[in-house]
Amino acid sequence: MDPAVLPVELWRVILGYLPLPDLGRCSQVCRAWRELILSLDKTLWRQLCLRCPECRHPNWPNRPDVEPQSWREALRQHALASRTWTQNGAEVDASNCLYLFRRRKDRRVWHVGAGCELESLRGALSVAGPFDRVVLHPGVYEEQTELLLKLPVEIVGRGRLGEVALLVSIEQQCPTARLCNLVLMPAWFSPVIYKTSSGHVQLDNCNVEGGQLQVRGPGTCQARFCSFGQASGAHFQSVALSLLDSCDFSGSDGASVTVDGLPVSDRNWAFRHLAALARACTAGGEPGGGGRASLAPDQWPLPPPCVLGEGTVIEDDCSESEASDEEEVEERDGGDGALYRPAYRLAHSSHGLSHLLGRAPRSLSSPAPPELSTLQQELQEDGEARALVTSVQGCLLRGCLFRDGKGGVLVCNHGQARLEANVFRTLTYAVRCIQNAKIVMLRNEVRGCRATGVFFRLASQGLVAENNIHSNAEAGVDIRKGANPIVLCNRIHSGLRSGIVVLGNGKGSIRGNQIYGNKEAGIYILYNGNPAVRKCHP
């Protein structure tokens with residue numbers, strides 16, 4: 001049938017009755033049918049995407065009011081992502097176990113719940129085969145002892161998010177697993193909800209409440225569109241690679257995400273797949289947006305391991321951002337050459353020379369303010385920054401929202417992390433990089449922190465580029481105790497104290513930043529602080 005026979009409005013009504021597979025078949029009939037199907041992007045495809053219980057808004061959580069470029073493409077990406085937990089990289093030594101990663105056509109679906117064939121998750125796992133799907137019907141499922149996943153399985157909640165709750169502690173001992181559309185809460189005997197030390201786990205559209213996700217190398221994790229609520233967090237320790245994409249962290253008692261320790265040299269089967277996915281989907285644009293990065297793909301690093309640690313030893317004087325800020329005040333007010341806080345102040349309007357400025361003709365030879373370089377230009381000129389971008393490995397956090405809690409991201413003990421297009425707001429601190437750790441921060445927004453926004457300490461390094469850091473109670477960026485980051489092309493403004501603070505043997509390269517509107521100094525250097533500052537202006 002020629003699509004021109006009926007009005008488009010009638011076609012929309014007719015096609016609205018077709019299931020998703022049939023829509024795909026219709027688009028393959030001919031070019032006219034394909035164009036008809038594609039023309040329904042903001043109507044039919046939008047409804048299908050938002051109706052899917054396993055999907056959230058493509059721009060959630062930072063910009064849910066902004067529509068994606070294509071709803072059909074967003075739904076397609078959701079469908080592809082639901083299968084990535086079984087994808088297998090071409091491992092040379094894995095020929096004998098390739099069958100483990102084959103998504104079998106005959107895999108079974110087990111239904112669990114009242115009136116179903118099985119009544120408990122433990123019972124379903126005892127009979128399920130490799131890559132079977134376990135569907136949990138609405139209800140609360142509680143396990144009194146730890147569950148062991150010994151075969152690859154997919155555990156999916158049926159209905160809307162929130163209708164299926166699991167009170168469990170799960171240890172994964174198989175190569176891969178997937179959890180979807182579940183509310184995960186800790187069992188009475190352990191705060192750890194899910195842990196793996198060798199396999200790959202994928203979490204899609206899950207809520208984690210009051211418990212911890214724990215991944216140790218060479219295990220890996222990919223979490224998409226997940227929420228971590230009060231007293232929840234993710235801990236990655238010596239992990240080769242993990243991705244947290246479009247997740248919401250709120251109400252944390254400590255750091256929401258902790259990356260601890262060097263990544264292990266071992267790699268599991270998912271490493272290559274996750275590395276390719278991270279490179280292909282590098283975020284950019286405005287904070288919280290989903291645009292492409294302005295750098296060429298070959299300029300981006302291969303995202304690697306994340307590590308979060310339990311039992312991490314952190315010195316008492318750097319474990320709390322509040323303590324570090326008190327230390328800064330002590331260094332200002334006491335010790336050799338105490339300065340900066342006079343007993344009285346003079347109004348600059350009464351005692352300055354500002355009344356002469358209007359009469360003085362501008363000299364033709366006076367230098368114009370320096371023109372800000374772009375990040376691409378700075379990276380072309382700075383081989384060290386370029387190497388840092390391409391070498392830093394660790395946990396990749398992209399398009400996430402950190403809000404209304406104590407801490408955002410803590411990277412320590414030689415840990416490495418990459419933060420892209422995230423939003424940090426109303427926290428005590430946003431990012432802490434300490435103890436020889438390395439981070440790369442690109443196009444994030446850091447605002448409204450009750451202490452310092454981005455904090456470097458104890459020989460840590462990193463690249464902080466094209467971020468919007470503003471309205472923080474302490475410094476926007478704080479560098480001390482041998483830390484040596486590169487701070488490029490940021491907007492650091494509207495702080496209640498200084499824009500950038502460098503002290504206590506802190507170093508760093510500060511170039512091409514806009515620093516303005518802060519109540520104290522734009523860049524505040526004292527007590528053996530020794531940064532290189534160039535081309536910064538209001």
Side-chain angles (χ1 to χ4, degrees), residues 1-85 109 111 133 135-138 154-165 178-183 202-207 222-227 245-248 281 283 285-286 288-292 398-401 421:
M1 180 182 294
D2 186 353
V5 173
L6 295 176
V8 176
E9 291 77 11
L10 290 180
W11 278 120
R12 289 174 180 169
V13 174
I14 295 171
L15 295 175
Y17 289 95
L18 295 181
L20 188 57
D22 289 341
L23 281 176
R25 296 185 184 99
C26 288
S27 66
Q28 297 176 346
V29 172
C30 62
R31 181 176 298 177
W33 277 85
R34 176 175 175 79
E35 292 177 354
L36 173 63
I37 299 298
L38 294 180
S39 69
L40 307 178
D41 187 79
K42 295 188 181 301
T43 54
L44 179 58
W45 288 107
R46 182 179 186 276
Q47 294 172 5
L48 289 172
C49 187
L50 294 180
R51 271 192 225 145
C52 179
E54 299 182 7
C55 304
R56 295 196 187 186
H57 191 286
N59 289 328
W60 183 89
N62 291 327
R63 303 177 68 190
D65 55 326
V66 178
E67 290 196 355
Q69 294 182 351
S70 170
W71 287 97
R72 176 180 174 275
E73 179 62 22
L75 186 62
R76 175 177 171 272
Q77 293 299 329
H78 278 303
L80 291 176
S82 68
R83 298 193 291 270
T84 59
W85 67 287
V109 178
H111 292 270
R133 168 178 282 210
V135 178
L136 301 180
H137 289 245
E154 183 179 29
I155 304 174
V156 180
R158 187 168 186 174
R160 296 180 180 178
L161 180 62
E163 294 182 354
V164 178
R178 178 177 183 248
L179 279 66
C180 178
N181 204 41
L182 302 169
V183 175
Q202 179 172 331
L203 279 74
D204 291 330
N205 195 33
C206 290
N207 283 0
Q222 181 183 7
R224 302 173 62 256
F225 299 100
C226 293
S227 294
D245 196 348
S246 301
C247 293
D248 179 19
C281 303
E286 299 178 4
R292 289 288 175 186
R398 180 177 52 225
C400 296
L401 173 62

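Values in this document were obtained by computation on a predicted structure and should not be read as measured data.
- Summarising the geometry of Leu401 relative to Asn62, their closest heavy-atom pair is CB-OD1, 3.2 Å, with the distance given to 0.1 Å.
- Counting heavy atoms from C-beta on, the side chains of Asn181 and Val164 never come closer than 4.5 Å.
- Here Phe225 contributes atom CZ and Asp248 contributes atom CG; the two are 12.0 Å apart, rounded to the nearest 0.5 Å.
- In this structure, Arg224 and Gln77 approach most closely via the heavy-atom pair NH2-O, 4.5 Å.
- Summarising the geometry of Pro58 relative to Pro68, their closest heavy-atom pair is CG-CG, 3.8 Å, with the distance given to 0.1 Å.
- The shortest heavy-atom contact between Cys226 and Leu203 is SG-O, 3.6 Å.
- With sequence neighbours left out, the salt bridge (charged side-chain N to carboxylate O under 4.0 Å, His left out) criterion links Arg25 to Asp22.
- Summarising the geometry, atom CD belonging to Glu35 is positioned 9.0 Å from atom SG belonging to Cys30; distances are rounded to the nearest 0.5 Å.
- Contacts of Glu73 classified as salt bridge (charged side-chain N to carboxylate O under 4.0 Å, His left out), with partners at least two apart in sequence or in another chain: Arg76.
- To the nearest 0.5 Å, atom OG of residue Ser70 and atom NZ of residue Lys42 are 8.5 Å apart.
- Between Glu67 atom CD and Arg46 atom CZ the span is 5.5 Å, to the nearest 0.5 Å.
- Remark: the Ser227 side chain and the Arg56 side chain contain an N/O donor-acceptor pair separated by less than 3.5 Å.
- Evaluation of the side chain to side chain contact (heavy atoms under 4.5 Å, CB included) rule for Thr43 yields Arg12, Leu40 as partners, not counting sequence neighbours.
- Residues Pro61 and Cys247 share a closest heavy-atom pair of CG-O, 3.7 Å.
- Note that CD1 of Ile14 is 9.5 Å distant from CG of Leu36, once rounded to the nearest 0.5 Å.
- Remark: Asp41 engages no residue in a salt bridge (charged side-chain N to carboxylate O under 4.0 Å, His left out) (not counting sequence neighbours).
- Classification of the Trp33-Trp11 ring pair by plane angle, with boundaries at 30° and 60°, yields perpendicular.
- By the salt bridge (charged side-chain N to carboxylate O under 4.0 Å, His left out) test, Arg178 pairs with Glu54, Glu154, Asp204, sequence neighbours left out.
- Minimum interatomic distance between Leu15 and Leu44 (heavy atoms only, all atoms of both residues): O-CD2, 3.8 Å.
- Listed by first then second residue, pairs satisfying ring pair (Phe, Tyr, Trp, His ring centres under 6.0 Å) with a partner in residues 45-77 read His57-Trp71, not counting sequence neighbours.
- In this structure, Cys180 SG and Gln202 CD are separated by 8.5 Å, a value rounded to the nearest 0.5 Å.
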